[in-house]
Undergrad: 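Okay, here's the structure, questions in a sec.
So you know, we letter chains A, B, ... as the sequences are listed, proteins then strands, and number each from 1.
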Amino acid sequence: MTGVAHMDSKFQPQIIEEKVYKSWEKNGRLTSAKGKPFTILMPPPNANASLHAGHGMYTVEDIFIRYKRLRGYASLWIPGTDHAGFETQFVYEKHLAKQGKSRFDFSRQDLYDNIFKFVKENSGLIYGQFKRLGFLADWGRSVFTLDKHVLETVIATFKKMEKEGYIYKDEYIVNYCTHCGTSLSELETVHVERVDPLYYLKYGPFVLATVRPETKFGDTAVAVHPKDKRYKKWVGQEIEVVGLLGKFKIKVVADEMVDMKFGTGVVKITPAHDPNDFEAGKRHNLEIKRIINIDGRLNELTGPYAGLKVKQAREKVVEDLKKKGLIEKIDENYKHAVTVCYKCGRDLEPTIIPNWFIKVKDLKKPVIAAINKEKVKFFPKRFKKQILQWLEVMHDWPISRQIAWGIRIPVWYLLSGNENRIWLSFIDKKGEFKKGTVKELKNQGYTLTEIKTGLQQMTVHNYTKDPVRYVVSVEEPKEGEWIQETDTFDTWFSSGQWPLVTLKEDEYKTRFPTDVMGTLADILPFWVSRMIMFSLYIKKEIPFKLVYLWSKVVDAKGQKMSKSKGNVINPIDLVDRYGADAFRASLIFGTSPGSNIPLTEAKVIGMRNFTNKIWNIGRFIWMNRQNASLDSSPSAQNDKLAALKKEFKEEKKKYLKLMDGYHFSRALGLVYEFIWHRFADYYIEQLKDGVINGNIEARKSLESIYLENLKMLHPFIPFLTEAVWKVFEGETSSILKESL
RNA sequence: GGAUCCGUAGCUCAGUUGGCUAGAGCGUUGCAUUCACAUUGCAAAGGCCAGAGGUUCAAGUCCUCUCGGAUCCACCA
């Protein structure tokens, strides 16, 4: 039993993994300079995140990297982390809430600094965990989306876009979350079905149906369908309506948006608080009357209802309408879709806020063209249709977020002449929250310096009709008094430029476009489409050739993992117990990229058994390595050997085909079947006696086919394969130096 | 309303361009055991591949429809 000291009877990942990873780091195996370039940019996890099961799917990228390395490429995987704007601030605010505080207790600078500290304290953790999973990334090149050079690039892009007319500022209706305190893009909204009362209100000569009676103070017209005979005579007229605040007159317009069959066929138009009404308002040149402020409360235009939150206001309005006999009936079972915040789940308030937008009409054209021409390919293929469909309907992209954590929009507004319409909130020297127009605050004795020091948020009122002069710049302009925009960029505005901030200048000649972008299918529209857009705009080139989409990692029952359900599986826990190889393999084995990936302990155990099997096959061959030749090779065994060689040849051919077609699951399944049920169960059993008795030829053949299979398995189970390789080929060898 | 995916063993799911007796993991049952491995081996049970029709020499795979489930986009006064 010579040599067995190297190989215990069990594969023990706990002993081996760390050593193996260190040897890769120490010997510079994380990258390779040899061969044609192959490049992947790692999707940056949130900087404050720690590893969750979903990150396990990054294994797919590691498989690409390792497979390509073995195929002779200079594969390079560049990692990074994202500041993740709103996501992170949301987490931080929950943290604040536990201490009984809110963001309103801090100036935006203090809030930013605090979040920065918070993120720093929690960052870096995930890289250690990625290493435990064996990821072969060039950690030294990590990029954080608030790094100096990233800021420079992102701001340069904004400047270029602004100069070329792709950026505009407008008071446009946006989805605003009064709880989270920011506007959101269409993508960040979720539609949920809900049953709400539908109120039929008496409205002058009409009855109209609405679920939002509290917005009636903002009505600036009533609409009917142009073909609706019932109401034809009213179109173009003004009608007199008795409301809660007394009598008023309102215009009747004809618009095709009205569904004659719904309700009474009459709709109230509230341009300031409904996206459709906003559009209708534009068509008919209606006044925009804003009656709900961004804190979610009704304003002074609503008389006695001012100060009430939307929900309370609705109750009170309904009660008062009832008293006045202005409600004809209430349909209590009206089912409709409500738009809610994807983050906190609360109802979104469509409202008018000055926002920075990107005009996407011309920018998306080359994106659509590149995808249609398959310059960028998708795997699985069906996502091509999905992203094209999404690009077709993509509207202008609102990129401002009313939060502190992120990249502040580099715009300065001229104060002089505008002091009565630049509204802001700040924390004064005494730590008190103050708000008002600059003029009002100055009159109260505050200096501009004090205001700026404690600044929280600013907005310019009546922006669209009378734009304020602004300068795009990071530094404050020298002449005159200016105040900087307090909004930050949507985090996708910066992460969308990920391919523009990760490579070194000269690598854009050799490694761009990059080869593969592997990511979660959910963020296809948020991220992938925007990376293509920015890359085509700035570099006139696609950012990557292939987009590999994987799906959510779910539990045994197919349920999404969530803390509230209590079904969260901690990957590191599984790695501790069964090894990283088993964990990785369990995410790949028997799964397919289009569908959800169930992660169960049972499956990891199954894969652990597989790793142990591979180990023991090696152990058997190793133990018999030093048997002296008895020079007896019965010919019956030679037939078996020939059959084995033939079978192996076919296996490898299939394997390469599957790998090159990104069918990793099937490639792993193929080797699993071959190595276990053909190689071990059949051929070793058949050849065993010969090997033990010194049939050198048989032993050598088994060994070479086994080692070949180790290489084939290496992209999936890197630790074990490397450890066994070192047993056979020596401590200084590495499977990563081999080729397939 | 537009689009996409799924329905295969008790459970979770694989099944490339249609091609031999439909597979895996886990589970179940029986047998084996000083063997490289009990984290094992051998064997077994378990499937009208959702249903109906069609194309084909040949259909789990392609087409149509029905039923059931999921997702994306748009809309909903």
Undergrad: With the threshold set at 4.0 Å, does a side-chain nitrogen-carboxylate oxygen contact exist between A:K700 and A:E703?
TA: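 No, A:K700 and A:E703 are not salt-bridged.
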Undergrad: Using the C1' atom as the reference point in each nucleotide, state the distance between B:A45 and B:G10 in Å, no decimals.
TA: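 Pairwise C1' distance, B:A45 against B:G10, rounds to 12 Å.
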Undergrad: Taking a pair as Watson-Crick (N1 to N3 plus N6-O4 or O6-N4) or G-U wobble (N1-O2 and O6-N3), both under 3.5 Å, which stems of 3 or more consecutive pairs involve RNA chain B?
TA: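 So far as stems of 3 or more pairs are concerned, RNA chain B shows B:1-7 with B:67-73, B:10-13 with B:23-26, B:28-32 with B:40-44, B:50-54 with B:62-66.
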Undergrad: Let me have the donor-acceptor pairs involving side chains of residues 649-657 of chain A, under 3.5 Å, with sequence neighbours excluded, atom names and distances please.
TA:
{"from": "A:K652", "atom 1": "NZ", "to": "A:E708", "atom 2": "OE2", "distance (Å)": "2.9"}
{"from": "A:Y655", "atom 1": "OH", "to": "A:M712", "atom 2": "O", "distance (Å)": "2.6"}

Undergrad: Restricting to ring pair (Phe, Tyr, Trp, His ring centres under 6.0 Å), what partner residues turn up for A:F379, sequence neighbours left out?
TA: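 Partners of A:F379 under the ring pair (Phe, Tyr, Trp, His ring centres under 6.0 Å) test: A:Y548, A:Y662, A:H663.
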Undergrad: Verify whether one side chain among A:W397 and A:D490 offers a donor that lies under 3.5 Å from an acceptor in the other.
TA: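 Per modelled atom types, A:W397 and A:D490 side chains form a pair under 3.5 Å.
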Undergrad: Under 4.0 Å between a side-chain N or O of A:T591 and OP1 or OP2 of B:C13?
TA: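 Looking at the OP1 and OP2 atoms of B:C13, neither is under 4.0 Å from any side-chain N or O of A:T591.
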Undergrad: Which part of the nucleic acid, if any, lies within contact of A:I617, taking any heavy atom under 4.0 Å across all strands shown: a base, the sugar-phosphate backbone alone, or nothing?
TA: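 Base contact - A:I617 has a heavy atom under 4.0 Å of at least one base atom.
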Undergrad: Indicate whether OP1 or OP2 belonging to B:C37 is found under 4.0 Å from a side-chain N or O atom of A:R619.
TA: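 Indeed, a polar side-chain atom of A:R619 lies that close.
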Undergrad: When we call it a touch if two heavy atoms are under 4.0 Å apart, what does A:K335 touch: a base, just sugar-phosphate, or nothing?
TA: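 Result for A:K335 = nothing.
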Undergrad: Could you run down nucleotides 18-29 of chain B 5' to 3' and tag each one B, S or - for protein heavy-atom contact under 4.0 Å?
TA: ------SSS---
Undergrad: Side chains of residues 598-607 of chain A: which donor-acceptor pairs under 3.5 Å do they make with residues two or more places apart or in other chains?
TA:
{"from": "A:T600", "atom 1": "OG1", "to": "A:K603", "atom 2": "N", "distance (Å)": "3.2"}
{"from": "A:E601", "atom 1": "OE2", "to": "A:R577", "atom 2": "NH1", "distance (Å)": "2.9"}
{"from": "A:E601", "atom 1": "OE2", "to": "A:Y578", "atom 2": "OH", "distance (Å)": "2.5"}
{"from": "A:K603", "atom 1": "NZ", "to": "A:S586", "atom 2": "O", "distance (Å)": "2.9"}
{"from": "A:K603", "atom 1": "NZ", "to": "A:F589", "atom 2": "O", "distance (Å)": "2.7"}

Undergrad: Using the P atom on both, measure B:A59 against B:U66 and round to a whole Å.
TA: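 Their P atoms lie roughly 24 Å apart.
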Undergrad: Between the base of B:A36 and the side chain of A:E685, is there a donor and acceptor pair under 3.5 angstrom?
TA: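 A donor-acceptor contact between them is present.
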Undergrad: Rounded to whole angstrom, note down the P distance from B:G60 over to B:G54.
TA: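 It comes out at 15 Å once rounded to the nearest Å.
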Undergrad: Starting from the C-alpha separation in whole Å, work towards a yes-or-no answer on ring-ring contact (aromatic ring centres under 6.0 Å, His included) for A:Y334 and A:F262.
TA: CA-CA 12 Å; A:Y334 175 59; A:F262 186 89; 5.7 Å; yes
Undergrad: Between B:C11 and B:G51, how far is it from one P atom to the other, in whole Å?
TA: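 That atom pair is separated by 16 Å.
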Undergrad: Take atom C1' in B:G69 and the same atom in B:U29, then report the distance between them in whole Å.
TA: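 Approximately 33 Å lies between the C1' atom of B:G69 and that of B:U29.
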Undergrad: Quote, to the nearest angstrom, the C1' distance that separates B:U17 from B:A58.
TA: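 Between the two C1' atoms, the distance is 16 Å.
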Undergrad: Counting C-beta onward and ignoring hydrogens, is there a side-chain heavy-atom pair between A:P718 and A:R584 closer than 4.5 Å?
TA: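 Contact flag for A:P718/A:R584 side chains = yes.
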Undergrad: Just call it for A:R666: base, sugar-phosphate, or nothing, with non-hydrogen atoms closer than 4.0 Å on any strand.
TA: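 Result for A:R666 = base.
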Undergrad: Please enumerate all residues that pass side-chain contact (heavy atoms from CB on, under 4.5 Å) together with A:K343, with sequence neighbours excluded.
TA: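 Result, side-chain contact (heavy atoms from CB on, under 4.5 Å) vs A:K343: A:F86, A:E87, A:F90, A:C341.
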Undergrad: Do the rings of A:F728 and A:W622 sit parallel, tilted or perpendicular, given the 30° and 60° boundaries?
TA: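 Taking A:W622 first and then A:F728, their aromatic rings stand perpendicular (interplane angle over 60°).
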Undergrad: Pick the C1' atom in B:C20 and in B:U61, then give their distance to the nearest Å.
TA: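 About 16 Å, rounded to a whole number of Å.
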Undergrad: Between B:C5 and A:K385, is there an OP1 or OP2 to side-chain N/O distance shorter than 4.0 Å?
TA: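 Answer is no, no contact under 4.0 Å.
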Undergrad: Across the strands shown, which category fits A:N596 at heavy-atom distances under 4.0 angstrom: base, sugar-phosphate, nothing?
TA: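 Nothing, no nucleic acid heavy atom in range.
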Undergrad: Expressed as a whole number of Å, how far does the C1' atom of B:C5 sit from that of B:G46?
TA: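 Each nucleotide's C1' atom is 28 Å from the other's.
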